[in-house]
Enquirer: 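Right, I'll just put the structure down here and ask away after.
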Number of protein chains: 2
Amino acid sequence: MALADQPPPILRNRLLMTLPPEEFARLWPQLEPVELPLRKVFQEPGKPLTSVYFPETGWFSILAYMEDGDAAEVGLVGREGMLGLPVLLGGDTEDLEGMVQAPGTALRMDAGAFREELQFLPAFRTLLLRYALVHHGQVARTAACNGRHQLEQRLARWLLMAHDRADGGEFTMTHEFMSMMLGVRRAGVTVAAGQLSKAGFIRYKGGHIEVTDRPGLESVTCECYGVVRRACDALLGQAATARDVYRR
Amino acid sequence: MALADQPPPILRNRLLMTLPPEEFARLWPQLEPVELPLRKVFQEPGKPLTSVYFPETGWFSILAYMEDGDAAEVGLVGREGMLGLPVLLGGDTEDLEGMVQAPGTALRMDAGAFREELQFLPAFRTLLLRYALVHHGQVARTAACNGRHQLEQRLARWLLMAHDRADGGEFTMTHEFMSMMLGVRRAGVTVAAGQLSKAGFIRYKGGHIEVTDRPGLESVTCECYGVVRRACDALLGQAATARDVYRR
DNA sequence: CATTTTCAGTCCGAAATCGCACGGTGGCGG
DNA sequence: CCGCCACCGTGCGATTTCGGACTGAAAATG
């Protein structure tokens, strides 16, 4: 069922929220709410792109696959962004994968319609291109951060980024999965997470993580978190303060 | 002096070569040849972007700066690309740095004029957006490659990418600089380069490196080289074969 | 030609991480 | 209530890389 038939729900995707009303009105009927089930893959390497997604709650990991089957996380996409940038930039396939890391909902749009509509939505197009730039900056920072910074710093960064995109202070995540995202051993994450836990910054119980002290985490992470965060805030901050963005 | 006053030289930038004649004709008078002196910085973090550059010979390293002053290379831009993607995507400043890693020449264009002209050059715009996607893929691969793959593999990859963008089989490069690009110790590069040298893949003498066996290098590098190379070939291959692209 | 600087090769102990493996714990289904 | 299984904590030797330093050779400098 198209959203046009419904009273407007609370819109949470920050890109869409930033649009001028007339452009949003045009876009609105073409957006379809979809569920984002945990671990589902919405964008497979090599396959044609049929849709773009604007997360409302929950978020995606953007993964690059190695030939040994390992996946490396190169970026995150939550309600500050959009999944399917290649469609915007004129690619027909994707070689990265988008996997749901935290379940939730998104607004889906057909890739063809998206391409079509962009002609008539200059503000949308401009905004998305700037988002592509911000996302590019995120990936570039990840490249720089990987291999230079210590595991504990990178884990703290990852937790902060995840927390920014989570709805509450809490989310489902095992050491095993974090180790895959960070490209390290599971045991390594256990040790690093143990430090953070001992310091009182986080708490976990059976595949559930709760961030209890953001400033604490920020004090142990590397600068890479702040660099990416500020770039993102600068893009979206025109319409709302960071407080509105990341805390309900 | 503008290029319009001169007989057309041999154009070597692959993006520009791919343009349809009528669009190129419009662009041509606005391109100004500039030298790319070794190590010169053409795009400084935080500063407004005044120009975009299309390398003809030589190439840039794209660097992310850490707060300790270290620089991490996140991508390369040679004659297959363009320096100044943020201008295309609507950013006014850059937070990455473009440093000349191999000296040569480029065609410069004013950023404002570039933005203006894009409205009238649809093929150019489309091509550049696709290039932005390819470059994004390169950075994403670098993120995945850093920290997962061994130094020797990454060094081989770097040498191959540099060789692709170099004019001959030879280029100026010290262990010291490669270590900075790869984010490892200089001594580490010496050891890894020693392996490659012993295997007969490369040869060096006093800050000069010569690639003597490309297939050999390709046999020891990780898949990351091929993944990025193929994406780039796919973008530019419409107009020329890979042979024309990378070997004079 | 003598001096200085740059570059490459090597060695050391230390740190981080790896790969593997074992044991404990707690939730959940039978 | 019990057993299973996902998850977490931990230990150990091996490997890679680090940080620092020293040396000789080659190139640049004066």
Side-chain angles (χ1 to χ4, degrees), chain A residues 38-39 66 68-73 101 144-159 170-199 201-210 220-222, chain B residues 38-39 66 68-73 101 103 144-159 162 170-199 201-210 220-222:
Chain A
L38 190 59
R39 309 283 173 246
M66 303 305 199
D68 63 6
D70 268 24
E73 185 179 69
Q101 195 66 264
C145 191
N146 287 354
R148 310 235 167 185
H149 293 144
Q150 308 275 81
L151 177 51
E152 189 177 343
Q153 294 183 299
R154 293 201 288 136
L155 177 62
R157 174 166 105 96
W158 194 89
L159 289 169
E170 189 184 33
F171 48 96
T172 299
M173 188 58 55
T174 67
H175 290 185
E176 181 80 34
F177 252 91
M178 288 189 285
S179 76
M180 291 195 280
M181 294 307 103
L182 295 170
V184 296
R185 288 173 319 146
R186 196 267 314 158
V189 170
T190 298
V191 172
Q195 309 280 357
L196 298 178
S197 183
K198 208 173 300 170
F201 303 154
I202 61 174
R203 192 154 43 195
Y204 45 79
K205 46 176 201 314
H208 244 233
I209 293 195
E210 185 184 359
V220 297
T221 193
C222 47
Chain B
L38 190 59
R39 309 281 173 249
M66 303 305 199
D68 63 6
D70 268 24
E73 185 179 69
Q101 195 66 265
C145 191
N146 287 354
R148 311 235 167 186
H149 293 144
Q150 308 274 81
L151 176 51
E152 189 177 343
Q153 295 183 298
R154 293 201 289 136
L155 177 61
R157 175 165 104 97
W158 194 88
L159 289 169
E170 190 184 33
F171 47 96
T172 299
M173 188 57 57
T174 67
H175 290 186
E176 181 80 33
F177 252 90
M178 288 189 284
S179 77
M180 291 195 280
M181 294 306 103
L182 296 170
V184 296
R185 287 174 320 144
R186 196 266 315 158
V189 170
T190 297
V191 172
Q195 310 279 357
L196 298 178
S197 183
K198 208 173 299 171
F201 302 153
I202 61 174
R203 192 153 45 196
Y204 45 79
K205 45 179 203 315
H208 244 234
I209 292 195
E210 184 183 0
V220 297
T221 194
C222 46

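Below, all heavy atoms of this structure are taken into account, side chains as well, without hydrogens, waters or symmetry copies. First the proteins, then the strands, lettered A, B, ... as listed; each starts at 1. Just so it is clear, the model here is predicted, and its values are computed rather than measured.
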Enquirer: Ignoring hydrogens and angles, does a donor from either the side chain of B/R186 or the base of C/dG9 sit under 3.5 Å from an acceptor on the other?
Expert: yes

Enquirer: Side chains of B/Q101 and B/E73, heavy atoms from C-beta outward: is any pair under 4.5 Å?
Expert: yes

Enquirer: Rounded to whole Å, please give me the gap between NZ in B/K198 and C1' in C/dT10.
Expert: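 Result: 12 Å.
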
Enquirer: Between A/H208 (NE2) and C/dG27 (P), how many Å, whole number?
Expert: 13 Å

Enquirer: Classify B/G207 by what it touches in the nucleic acid, base, sugar-phosphate, or nothing, heavy-atom distance under 4.0 Å.
Expert: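 B/G207: backbone/sugar contact only, no base atoms under 4.0 Å.
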
Enquirer: Using whole Å, what does the distance between atom P of nucleotide C/dC18 and atom CD of A/Q150 come to?
Expert: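 Going from A/Q150 (CD) to C/dC18 (P), I get 12 Å.
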
Enquirer: Any donor-acceptor pair under 3.5 Å linking the side chain of B/R148 with the backbone of A/A71?
Expert: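 Yes, the answer is positive, given that a donor and an acceptor are paired below the 3.5 Å cut-off.
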
Enquirer: Here's a test of your reading of the structure: between B/H175 and A/L151, which maps to the more 5' nucleotide of DNA chain C?
Expert: B/H175

Enquirer: Which heavy atom in A/M66 sits nearest to a heavy atom in A/A72, and how many Å separate them?
Expert: CE-CB, 4.4 Å

Enquirer: Let's see if you can work this out: which of C/dC18, C/dA21, C/dA8 has an atom nearest to the side-chain heavy atoms of A/R185?
Expert: C/dC18

Enquirer: Can you name the closest pair of heavy atoms from B/L151 and B/G188 and give their distance?
Expert: CD2-O, 3.5 Å

Enquirer: So B/A193, base contact, sugar-phosphate only, or nothing? Heavy-atom distance under 4.0 Å.
Expert: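 Here B/A193 touches no strand at all.
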
Enquirer: Would you mind classifying the nucleic acid contact of B/T190 as base, sugar-phosphate or nothing, using non-hydrogen atoms under 4.0 angstrom?
Expert: base

Enquirer: Which is more 5' along DNA chain D, the nucleotide nearest A/G147 or the one nearest A/Y204? Just name the residue.
Expert: A/Y204

Enquirer: Provide, to the nearest angstrom, the distance between the CZ atom belonging to A/R148 and the P atom belonging to C/dA16.
Expert: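 Taking atom P of C/dA16 as the reference, CZ of A/R148 is at 18 Å.
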
Enquirer: To the nearest Å, give me how far apart CE (A/M180) and C1' (C/dG19) are.
Expert: 17 Å

Enquirer: Report the C-alpha separation of A/V220 and A/Q195 in whole Å, then their side-chain angles, then the decisive distance to 0.1 Å, and conclude whether the side chain to side chain contact (heavy atoms under 4.5 Å, CB included) test is met.
Expert: CA-CA 11 Å; A/V220 297; A/Q195 309 280 357; over 6 Å; no

Enquirer: Have a look at A/V191 and say if it touches a base, only the backbone sugar-phosphate, or nothing, with a 4.0 Å heavy-atom cut-off.
Expert: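 Since no nucleic acid heavy atom lies under 4.0 Å of A/V191, the category is nothing.
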
Enquirer: For the backbone of A/Q153 and the side chain of A/T221, can you confirm whether one donor and one acceptor N or O come within less than 3.5 Å of each other?
Expert: yes

Enquirer: Between which nucleotides of DNA chain D, read 5' to 3', does contact with chain A run, using atoms under 4.0 Å from its heavy atoms?
Expert: D/dC7 to D/dT10

Enquirer: Rounding to a whole Å, what distance do you find between A/Q195:CD and C/dA15:P?
Expert: 15 Å

Enquirer: Whole angstroms only, please: what is the CZ-C1' distance between A/R154 and C/dA16?
Expert: 11 Å

Enquirer: Which heavy atom in A/A193 sits nearest to a heavy atom in A/L155, and how many Å separate them?
Expert: N-CD2, 3.6 Å

Enquirer: For B/G183, report the nucleic acid contact type (base, sugar-phosphate, nothing); a contact means any heavy atom under 4.0 Å.
Expert: sugar-phosphate

